[in-house]
Structure formats: C-alpha cells, structure tokens
Amino acid sequence: MKIGMIGAGLSGIIAARELVRQGHVVELIEKSRSVGGRLATRRIGDGRADHGAVYFTVRGEELEREVQSWMSADWVRVWYADPYPRYVATDGMNGLAKHLAEDLTVQLNERVENVQVEEDGTVTVKTDVTTRSYDRVVMTAPLPQSFELLGSLVDQIKPALLRLVYAPTFVGLFKCAGDVQIGEDGILDHDLTSGLLKVINNRQKGISETSLISAYMEEAWSEAWYERPEAETLAEIERLVREEVGDLDIQSRQLKRWRYAQAKDVWHEPFYQVSHHPIYLAGDIFLESDDPSGRTRFESAYLSGLRVAEAVQESIEG
Ligand SMILES: Cc1cc2nc3c(=O)[nH]c(=O)nc-3n(C[C@H](O)[C@H](O)[C@H](O)COP(=O)(O)OP(=O)(O)OC[C@H]3O[C@@H](n4cnc5c(N)ncnc54)[C@H](O)[C@@H]3O)c2cc1C
C-alpha cells in the first residue's frame, strides 16, 4: 500500500516510521526545507537556539520506552528534573526529528494545495510541485491548515472539530556576548514580567556554544502583538527580557512568529477519519480519551502518530 503523510512534524514522522515497519511505501510531504515542524532549532552564528518545543515530558509507557532508546543513542538527555525529568534533544529539538526521519522518504519544500478522493477510492494530493496518488493519506498539519486542503470534504467533518482554535506564540531570539547566566538551569518560567512565558539560555540548556536566549511570549501577548511590525515587537520583547534578567550585551535579535503554536482546546480521540474516506487527521491536538494531562504537547503528537498508524494498518488488513 502507498501512504501519503502530509507534514513531517513529530506525529507524521512517528506514523511514517510505524507504517514503514509494517512494510508499506510511505512518502512524507513537507512544505518547509527541513523536517520537524514545531520541533524547531535555528543556527545563529556559532550557536543554536530552540524556538519551538522547549523540552518534553513523559507520562506514558510507550514514549518512556522510546525515550530510553533515544537516550542510549545519545539523541536526547535530561536537562533538569523539577521533580519529573524535562528531556531535550542533544543537538536541539530539530536534531531529534532529523534522527527519527533518517530512513524515511521525505519530499521537502513541497506544499500540499489540495487533497481529493477519486471514484476508485484512491486519494490525489496536488502540491505546488506535482500531483501524487495514494491508497491512504494522513494529514498532520495544525487543523486550520489541513481543513484548507480538503475543499468540499470539510462539510463531512464534525462541526465541533472545525471549531477548535489555536493560539499564536512569539519567540524572540537574542545573541548575547559573554557567558550569560539565567537561573540555575538556564530557564525562568515562574512569576515572570507580564507578557513573558519562558526565558531560556540555550547555552545552559546544553545545545549551544554561545549564549543565545529564547524568550517565549504568552498567548495573549502574542495575540495582541500579532499584527504589529517586527522591529517594534522585537524591541518590546527585548525590553521585557532586560526587565526580567537585567543587563545583557545583545549583539543580534530575531523573531519567530508561530501562527498555530498550541491548541486552545483539544479533541479527545487520538486521530480522526474524514467520514468513510481513506483520509485521516492526526497531530498533537488529538489526545487519547484517557490522556492524563489534557494538553497538547510533544507526547500527544507522538501518541497520535502511533494510533493513526495502527488505524491505517487495520483499515488495510480489513
Ligand atoms: C513555541 C512553542 C513552544 C512549545 N513548547 C513545548 C514544550 O515545551 N513541550 C512540549 O511538549 N511541547 C511544546 N510545544 C508543542 C510541540 O512542539 C508540538 O506539540 C509538536 O511538535 C507538534 O507536532 P505535530 O507533528 O503534531 O505538528 P507540527 O510539528 O506542526 O507538524 C506539522 C507539519 O506539517 C507541515 N505542513 C503544514 N501545512 C502543510 C502543507 N500544506 N503541505 C506540506 N506540509 C505542511 C508543517 O510545516 C509541519 O512541519 C511547543 C510548540 C511551540 C510552537
């Protein structure tokens, strides 16, 4: 069976690995120039800064087992425990995605524009490069982006799913001179100046040779500033960071705007099949019905990838 996976973030990569293991031909289509999606790391000068997921935590046994093997391979390690472990990828979060996708077929720099079901039951995926045909398609982009691709098939999706909303997050990246020290572990995430959610020093986090600060802004702040000019936004983030951590010798600054950073609400099933069609929606917004945290996160993306792969496999076995 030939399976198309739209989006090479964590959920797409995990689903693809499982289906390849079952013997299927799987092709990931990714609009960006790298795999990883919201597992995002930027190189700045001689350093590296994560600007998507900061760390991940583990609640379930499936991810726990996987993390043990990732630790043995030196792909991830514990950053700090407070009291439960915060895991980070050794070379930045994007490096983990790259390791996981190593043996997969990924079409990068290819944006899907439309997905439709043919009369013979196959699914046609039209991209800005070519048209591809699959027996099953899994869509893992944030839901508003997936819905845009489905045309009139959207009418067959439950209205409650269509109503789910995501919040933006802004991240300011600051290259600083010298060995900046931020807290004991390189993270401040409690009682911060209004607007700031987390301030991270990627050097103390262990992924950067140089002091690179990632300043994560609160949802409400990011929403309020969404339409403002970039320079003005960065200047305000810098002011808030200085207010929080004191004087810094900032040499350069960059802004990352995530339009769909985190879902405000979640779906309590680990994936969704579009009516009776061979098209499945997956990703971090899809939680298992007994999910203990109720929040979208690295682990929910991981589990959604596993569960949707099982469902696709079952549909093939009949
Ligand atoms: C700022 C920020 C901070 C975070 N912090 C944490 C944290 O500390 N801990 C934690 O556990 N989680 C955190 N998260 C959440 C975590 O990163 C996500 O839950 C997880 O990475 C989502 O994976 P995914 O595969 O579901 O989606 P994504 O990673 O979004 O993958 C979807 C992919 O689809 C691609 N795509 C979209 N449209 C198209 C198209 N038309 N054609 C082709 N490709 C397309 C995208 O480029 C993307 O690569 C954070 C997220 C953000 C943004």
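Order of appearance sets the numbers: ligands from 1, and atoms from 1 within every ligand. Computed from heavy atoms alone, side chains included, the values below leave out hydrogens, waters and symmetry copies.
- Other residues, nucleotides and ligands place no more than 12 heavy atoms under 6.0 Å from the CG atom of D103.
- Checked by distance only, ligand 1 and Y216 stay at 3.5 Å or farther apart across all their nitrogen or oxygen atoms.
- At least one heavy atom of E110 sits closer than 4.0 Å to an atom of ligand 1.
- Taking distance alone, with nitrogen or oxygen atoms compared against 3.5 Å, F56 stays at or beyond that limit from ligand 1.
- Listed by atom number, the atoms of ligand 1 under 4.0 Å from G37 heavy atoms are 29 (O), 48 (C), 49 (O).
- Salt-bridge annotation for R307 and E62: present, with a side-chain N of the basic residue lying under 4.0 Å from a carboxylate O of the acidic one.
- Under a cutoff of 6.0 Å and an axis angle of 45°, R259 and Y226 form a cation-pi pair.
- No heavy atom of G305 sits closer than 4.0 Å to any atom of ligand 1.
- Nearest to atom 15 (C) of ligand 1 by heavy atom, out of K198, E30, M93, Q262, is Q262.
- No N or O atom of P142 sits closer than 3.5 Å to an N or O atom of ligand 1.
- For ligand 1, none of its N or O atoms has an N or O atom of R111 under 3.5 Å away.
- Among K31, E113, R259, the residue whose heavy atom lies nearest to atom 36 (N) of ligand 1 is K31.
- A distance of 8.0 Å separates CD of Q116 from CG of L153, quoted to the nearest 0.5 Å.
- Side-chain atoms of R253 never come within 3.5 Å of backbone atoms of L234 as a donor-acceptor pair (strictly under, hydrogens ignored).
- Distances between N or O atoms of Y55 and those of ligand 1 include at least one value under 3.5 Å.
- Looking at F298 against ligand 1, both its backbone and its side chain come within 4.0 Å, counting heavy atoms.
- By heavy-atom distance, the residue among A282, S11, A40 lying nearest atom 25 (O) of ligand 1 is S11.
- In the model, H277 has a side-chain atom that pairs as donor or acceptor with a side-chain atom of Q156 under 3.5 Å.
- Checked for salt-bridge contact, R242 and E238 meet the test: a charged N lies under 4.0 Å from a carboxylate O.
- Scanning all heavy atoms of the two residues, the minimum distance from N202 to R48 falls at CB-O, 3.3 Å.
- Cation-pi check for R132 over Y134 is not met; the charged atom does not lie both under 6.0 angstrom from the ring centroid and within 45 degrees of its normal.
- The single protein non-hydrogen atom nearest to atom 13 (C) of ligand 1 is A53 CB, 3.6 Å, given as residue, atom name and distance.
- Contact annotation for Y260 and ligand 1: no heavy atom of the residue comes within less than 4.0 Å of the ligand.
- Within the 4.0 Å heavy-atom cutoff, T296 does not count among the residues contacting ligand 1.
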